[in-house]
A.B. asks: 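Starting off with a structure, shown below.
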Amino acid sequence: MLYQTYLESDLSDQFERMRRQMDSLFGAWPSISSIRAAAAGSFPATNVGASAERVDVYIFAAGIDPNSLDIQLQQNLLTFSGKRELKSQENATCYLSERFNGEFRRVLTLPEDIDSEKVEASYRDGVLHVIVQRREAVKPRQIQVK
Amino acid sequence: MNESQLTQAGKSEVPNVQGQPDRDIVLRPAVDVYEDGTGITLLADLPGVSRDRLNIQVDKNNLTIEGQMVIDMPEGMESLYAEVRGSRFQRSFSLSSELEVDKIEAQMKDGVLTLKVPKRSELQPRKIEIKAG
């Protein structure tokens, strides 16, 4: 029993760390809005992060058939479109209907130095994650002092 | 930064262990709620939340849905643009007594939670047959 408790608290510490890391990353950033930004609350919400090697795009699109998504990258413009069709509820009283229903299309400007040939996308737990590698030349190089 | 603009209703103001104000940003998931003869169905968008990071609690007449979003982030990543500014979802609903809380069924698929809350069987509408006279 002690062992189990220890494991649980260890796990929850891990998640707490992860949560703080994520919140500090996306929460504390000054809100510079893109010229292609969509209105607040648009579906799907999107986050973009960058490291020296790659650019990560997170598209928060729960309940979508990944095969229905169309993702295109032209130079540094990432366009994605698709649709989410919610089951219509017949003979039911609807109290709240906040979830997005229908077609969507969004365009994101990515940094200029991405390599549009090196893109991969995956869909897990309702998040579409697009990874685009950056070109070699722009990665910071360490200069050895002889 | 203006905290009140970023946070939503339900944000905890309780100081954390270090005595710092809790700066936790709670995301409020979009939901659909509808009712038919058998009960209430609630659908909630919780992108990035897997089944094991989801917590559904019923306390007396309150139903609380909580989920922790986990996304894969590389080392040294900086944010360029963010519309989702937190990673924890939470939303509560009050239930009513004709609902059978111990028979709630939950299903999670692709970041969408489906909760079915059945009505007590004796309270489900019955069609009254009219016998031919």
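Letters A, B, ... mirror the listed sequences (proteins, then strands); counts begin at 1. Hydrogens, waters and symmetry mates are skipped; everything else that's a heavy atom, side chains included, is used.
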A.B. asks: Kindly give the heavy-atom pair with the smallest separation between A:Asn47 and B:Ala82, and that separation in Å.
C.D. replies: OD1-CA, 3.3 Å
A.B. asks: Could you look at B:Leu42 and say if it's the side chain, the backbone, both or neither that has a heavy atom under 4.5 Å from chain A?
C.D. replies: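 The answer is neither part of B:Leu42.
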A.B. asks: Hydrophobic clusters here meaning ILVMFWY residues chained together by side-chain heavy-atom distances under 4.5 Å, can you tell me if B:Val49 and B:Leu43 are in one?
C.D. replies: no
A.B. asks: Between A:His129 and B:Ile71, is any pair of side-chain heavy atoms under 4.5 Å apart?
C.D. replies: no
A.B. asks: Is A:Asn91 in contact with chain B via its backbone, its side chain, both, or neither, using a 4.5 Å heavy-atom distance?
C.D. replies: backbone
A.B. asks: If Ile, Leu, Val, Met, Phe, Trp and Tyr residues are connected whenever their side-chain heavy atoms lie under 4.5 Å apart, and connections chain through other members, are A:Val55 and A:Ile131 in the same group?
C.D. replies: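 No, A:Val55 and A:Ile131 fall in different hydrophobic clusters.
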A.B. asks: Is the shortest heavy-atom distance from the side chain of B:Pro74 to the side chain of A:Arg54 under 4.5 Å?
C.D. replies: yes
A.B. asks: For residues 111-133 of chain B, which residue pairs qualify under ring-ring contact (aromatic ring centres under 6.0 Å, His included), counting only residues two or more places apart or in two chains?
C.D. replies: none
A.B. asks: I need the contact set between residues 92-110 of chain B and chain A: heavy-atom distance under 4.5 Å, sorted by residue number.
C.D. replies: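 B:Phe93, B:Asp110 fall under the 4.5 Å cut-off.
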A.B. asks: What's the spacing between A:Cys94 SG and B:Asp36 CG if we round to 0.5 Å?
C.D. replies: 12.0 Å
A.B. asks: With only heavy atoms counted, which part of A:Pro66 is less than 4.5 Å from chain B, the side chain, the backbone, both or neither?
C.D. replies: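 Neither part, no heavy atoms under 4.5 Å.
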A.B. asks: Is A:Ile64 in contact with chain B via its backbone, its side chain, both, or neither, using a 4.5 Å heavy-atom distance?
C.D. replies: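 Only the backbone of A:Ile64 comes within 4.5 Å of chain B.
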A.B. asks: Side chain to side chain donor-acceptor pair (under 3.5 Å): which pairs involve residues 116-126 of chain A, sequence neighbours left out?
C.D. replies: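 Residue pairs with at least one partner in residues 116-126 of chain A: there are none.
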A.B. asks: Hey, which of A:Val127, A:Asp56, A:Thr46 has the most heavy atom pairs under 4.5 Å with chain B?
C.D. replies: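 Top count of heavy-atom pairs under 4.5 Å with chain B: A:Thr46.
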A.B. asks: In the single-linkage hydrophobic clustering (I, L, V, M, F, W, Y; side-chain heavy atoms under 4.5 Å), do A:Leu96 and B:Ile65 co-cluster?
C.D. replies: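 In one cluster: yes.
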A.B. asks: Calculate, to the nearest 0.5 Å, the distance between atoms CD and OG belonging to B:Glu83 and A:Ser42 respectively.
C.D. replies: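 These two atoms lie 7.0 Å from each other.
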A.B. asks: So does B:Arg51 have more than 12 non-hydrogen atoms from other groups sitting under 6.0 Å from CZ?
C.D. replies: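 Not more than 12 within 6.0 Å, no.
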A.B. asks: Side chain, backbone, both or neither: which part of B:Val31 has a heavy atom under 4.5 Å from chain A?
C.D. replies: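 For B:Val31, the contact with chain A is made by backbone and side chain together.
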A.B. asks: Could you report the tightest heavy-atom contact between B:Tyr34 and A:Ala92, atom names first, then the distance?
C.D. replies: CD1-CB, 4.0 Å
A.B. asks: What residues, two or more places apart in sequence or in another chain, satisfy salt bridge (charged side-chain N to carboxylate O under 4.0 Å, His left out) together with A:Arg99?
C.D. replies: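 A:Arg99 satisfies salt bridge (charged side-chain N to carboxylate O under 4.0 Å, His left out) with B:Asp32, B:Asp45 once adjacent residues are dropped.
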A.B. asks: Determine whether B:Met69 and A:Phe60 satisfy the following criterion, side chain to side chain contact (heavy atoms under 4.5 Å, CB included), listing intermediate values before the conclusion.
C.D. replies: CA-CA 10 Å; B:Met69 175 199 290; A:Phe60 300 91; 3.6 Å; yes
A.B. asks: Between B:Tyr81 and A:Thr109, is the side chain to side chain contact (heavy atoms under 4.5 Å, CB included) condition met? List the steps.
C.D. replies: CA-CA 10 Å; B:Tyr81 176 65; A:Thr109 318; over 6 Å; no
A.B. asks: Between A:Gly126 and B:Pro47, which heavy-atom pair has the shortest distance, and what is it?
C.D. replies: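 Closest pair (atom of A:Gly126, atom of B:Pro47, distance): O-CB, 3.6 Å.
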A.B. asks: According to a hydrophobic-cluster definition based on side-chain heavy atoms being under 4.5 Å apart (Ile, Leu, Val, Met, Phe, Trp, Tyr only), do B:Val112 and B:Leu46 belong together?
C.D. replies: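 Different hydrophobic clusters.
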A.B. asks: Atom CD of A:Glu98 and atom CZ of B:Arg91: how far apart are they, to the nearest 0.5 Å?
C.D. replies: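 It comes to 4.0 Å.
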A.B. asks: Where does A:Tyr95 contact chain B at under 4.5 Å (heavy atoms): side chain, backbone, both or neither?
C.D. replies: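 Both parts, backbone and side chain.
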